[in-house]
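Source: prediction; values computed, not measured. Whatever order the structure lists them in is the order used to number ligands and atoms, beginning at 1.
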Amino acid sequence: MTHYETLLTQREGGVATVTINRPKVLNALSQQVIEELHRVLDDQSFTRDLRVMILAGAGEKSFVAGADIAAMRGLTPHEAAEFARLGQSLSLRLEASPFITIAKVQGFALGGGCELAMSCDIVIAAEKALFGQPEVDLGLIPGFGGTQRLARRVGLPLALEVLCGGRKLNGREAQQLGLVSQVTTAEDLDAYVQNLVKNICKAAPRAVAETKRLARSSMEQPLVHGLAAEASSFATCFAGSEALEGLSAFLEKRPARFTTSE
Ligand code: HXC
């Protein structure tokens with residue numbers, strides 16, 4: 001398995017866990033971290049037949065406390081643009097990936113950390129997690145998508161309160177406001193994520209990937225176009241083996257057995 005300096009990676013069956021491993025700086029995102037996350041996605045032997053990727057931060061305190069402030073201080077405008085684009089393209093790749101991405105947020109998810117979580121398909125957080133976009137306090141603005149994705153997730157007034165007014169959201173608030181799908185105690189976080197992963201892995205692989213693609217495209221296109229794409233994709237379910245297996249298994253009162261690739 002490829003070695004990374006800033007990440008820990010693990011693959012078990014169809015499930016990968018990628019842990020940002022810079023706990024001394026609360027897992028701040030240096031350029032190297034983001035480049036290594038790109039390399040994980042480039043590594044076809046690692047991502048082959050992957051069903052779920054869990055993104056996590058090392059230690060108990062922080063998912064990711066933002067982009068690396070020390071490294072950003074010396075950036076030229078050109079370098080800053082490159083850095084923003086590197087993070088944005090990572091977000092887009094995570095969103096476009098055929099596997100489900102889960103952000104497991106046990107602590108700080110600030111600035112680039114909140115943006116990274118928002119790039120994942122599902123965000124599960126502990127009660128004491130803390131989401132925020134404090135860039136303006138540093139004389140910056142978000143650069144990995146925060147000005148765009150936060151308003152889409154939580155609506156403009158709250159997004160602007162978080163982005164410009166320093167509002168931080170704990171896990172429970174983030175759930176109430178739609179940023180997080182489930183909040184747990186710190187002790188229950190792993191078990192909740194593992195159970196979710198198990199359910200995703202039990203479902204038909206192609207159907208899950210197609211559902212993600214269609215649901216994600218709903219954010220970008222008019223309803224009628226999305227519905228047409230859904231009907232067409234629903235039809236293709238009947239050209240493959242998954243629907244036959246899933247429907248038969250139900251009628252025969254047995255668990256479905258799906259293969260990872262058709
Ligand atoms: C670099 C960081 C860091 C960061 C924390 N550290 N956040 N280093 N980049 N984003 C370092 C601290 O300097 C400190 O190092 C160590 O981690 C522990 O942090 P403390 O501040 O001592 O911990 P605590 O008092 O518990 O406070 C935690 C915190 C605070 C509230 C999360 O660290 C904080 O406010 N961090 C910055 C959060 C932030 O502003 N994020 C947005 C960044 S801008 P030492 O060496 O002193 O032990 C951004 C832009 C994204 O994300 C887009 C870019 C294109």
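- Nearest non-hydrogen protein atom to atom 35 (O) of ligand 1 is L110 CD1, 4.7 Å.
- For atom 11 (C) of ligand 1, the nearest non-hydrogen atom of the protein is V25 CA, 3.8 Å.
- Of the protein's heavy atoms, at least one falls inside 4.0 Å of atom 52 (O) of ligand 1.
- Between the side chains of E173 and Q175, not a single donor N or O lies within less than 3.5 Å of an accepting N or O.
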Next item on the list: Show your reasoning for whether ring pair (Phe, Tyr, Trp, His ring centres under 6.0 Å) applies to F108 and F131.
Entry: CA-CA 6 Å; F108 296 117; F131 295 83; over 10 Å; no
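- Closest to atom 20 (P) of ligand 1, if we only count protein heavy atoms, is L26 CD1, 4.6 Å.
- Looking only at heavy atoms of the protein, atom 26 (O) of ligand 1 is closest to K61 NZ, 2.7 Å.
- The nearest non-hydrogen atom to atom 28 (C) of ligand 1, considering only F144, F108, F83, comes from F108.
- Counting heavy atoms under 4.0 Å from ligand 1, residue K24 touches it through the backbone alone.
- The nearest heavy-atom contact from the protein to atom 7 (N) of ligand 1 is A65 CB, 3.7 Å.
- Around atom 4 (C) of ligand 1, the closest heavy atom drawn from S30, A70, A67, P134 belongs to A67.
- Closest to atom 9 (N) of ligand 1, if we only count protein heavy atoms, is I69 N, 2.9 Å.
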